Amino acid sequence: MFEAKMLQSSVLKKIIESLKDLFADANFDCSSSGITLQDMDSSHVALCYLKLRSDEEGFEDYRCDRNITLGVNLGLMSKILKCAGNDDVVTLRAEDEPNILTFIFDSKNSERVSKYDIKLMEIDSELLGIPDTDYSCVVKMPSHEFQRICSNLSQLGDSVTIDCHKEGVDFKVAGEQGSGAIKLKQTTSVDKEEDQVTVQLNEPVTQSFALKFLCAFTKATSLSDTVNLSLTQDTPVVVEYPIAQHGYLRFYLAPKIEE
Amino acid sequence: QLTQLDLLKYFKE
């Protein structure tokens, strides 16, 4: 038996909304330690990795008697989650050898209980080994700022060059019709921690990435006040949105290089 | 001209 009771259905809604356009079907791997999801987009350019820990406060109850994999069409899951109120408590339930995933939505005042079943899918996807590495540079910034930068620069070109150096981080685009650049300096005088821009730098990095994917990742902006960008030269960037009281959602994006 | 690299190049074991 698997049963996970999440206090805020809005968190699950936001996660699925941020994934469903790039990742059509995905396996939720459930174990006693929590729920993980790893999926790669069809063009092998982007990968998402979700971790929801069972011992965090976001779950009111969590039970997973044996490890199970729930293969779900994310478009369908998005439709089901739209049937939940934002303040509803959502319970996910499945048997040990499941064909069906059940969603139960309890309204805050317990006056309305709704239940939906969806059929599970066999999804043949191999898990990739993502090495734990120390990155040359980790940028922490407000998530809405990163969203704005990606949106602004995507007006002029397909690729952004991210340049991390000791003064801060530069985002540059060069298209056929024009170019743009946004410089962010490290902030030290901002009151709120979530408004700060910090750059942990071991080595400077200059790397280009497809804006189409970065813009898609920023659909997760409402999950978190801050976003962390981890970069190393000639390796995929990690765009991480911490999820309070649950864990995190990470996106990996392969770089573009000059031939 | 930039070329998009494949993620499998990094993560495939």
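Letters A, B, ... mirror the listed sequences (proteins, then strands); counts begin at 1. None of these values were measured; they are calculated from a predicted model.
Between A:Lys256 and B:Thr3 the shortest side-chain heavy-atom distance does not fall below 4.5 Å.
Only the backbone of B:Gln1 comes within less than 4.5 Å of a heavy atom in chain A; its side chain stays farther off.
Crowding of A:Asp55 atom CG: a count of heavy atoms from other residues, nucleotides or ligands under 6.0 Å exceeding 12. Heavy-atom contacts from other residues, nucleotides or ligands closer than 6.0 Å to CD of A:Glu167 number more than 12. More than 12 heavy atoms of other residues, nucleotides or ligands shown are found within 6.0 angstrom of CG on A:Asn73.
Atom CG of B:Leu5 sits about 10.0 Å away from atom CZ of A:Phe209, to the nearest 0.5 Å.
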If you look only at distance, which donor and acceptor atoms sit under 3.5 Å apart when one is on a side chain in residues 38-48 of chain A and the other is two or more places apart or in another chain?
unit_1: A:Gln38; atom_1: OE1; unit_2: A:Leu128; atom_2: N; d: 2.7
unit_1: A:Gln38; atom_1: NE2; unit_2: A:Leu128; atom_2: O; d: 3.1
unit_1: A:Asp41; atom_1: OD1; unit_2: A:His44; atom_2: N; d: 3.3
unit_1: A:Asp41; atom_1: OD1; unit_2: A:Val45; atom_2: N; d: 2.8
unit_1: A:Asp41; atom_1: OD1; unit_2: A:Ala46; atom_2: N; d: 2.8
unit_1: A:Asp41; atom_1: OD2; unit_2: A:Ser43; atom_2: N; d: 3.1
unit_1: A:Asp41; atom_1: OD2; unit_2: A:Ser43; atom_2: OG; d: 2.4

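A:His144 is linked by a side chain to side chain donor-acceptor pair (under 3.5 Å) to nothing, counting only residues two or more places apart in sequence or in another chain. Every residue two or more places apart in sequence or in another chain that forms a ring-ring contact (aromatic ring centres under 6.0 Å, His included) with A:Tyr252 is listed here: B:Phe11.
Panel note: side chain B:Tyr10, backbone A:Pro131; no donor-acceptor pair is recorded below 3.5 Å.
Within residues 217-233 of chain A, no residue approaches chain B closer than 4.5 Å by heavy atoms.
Closest approach of A:Ala210 to B:Gln4, counting heavy atoms only: CB-OE1, 3.8 Å.
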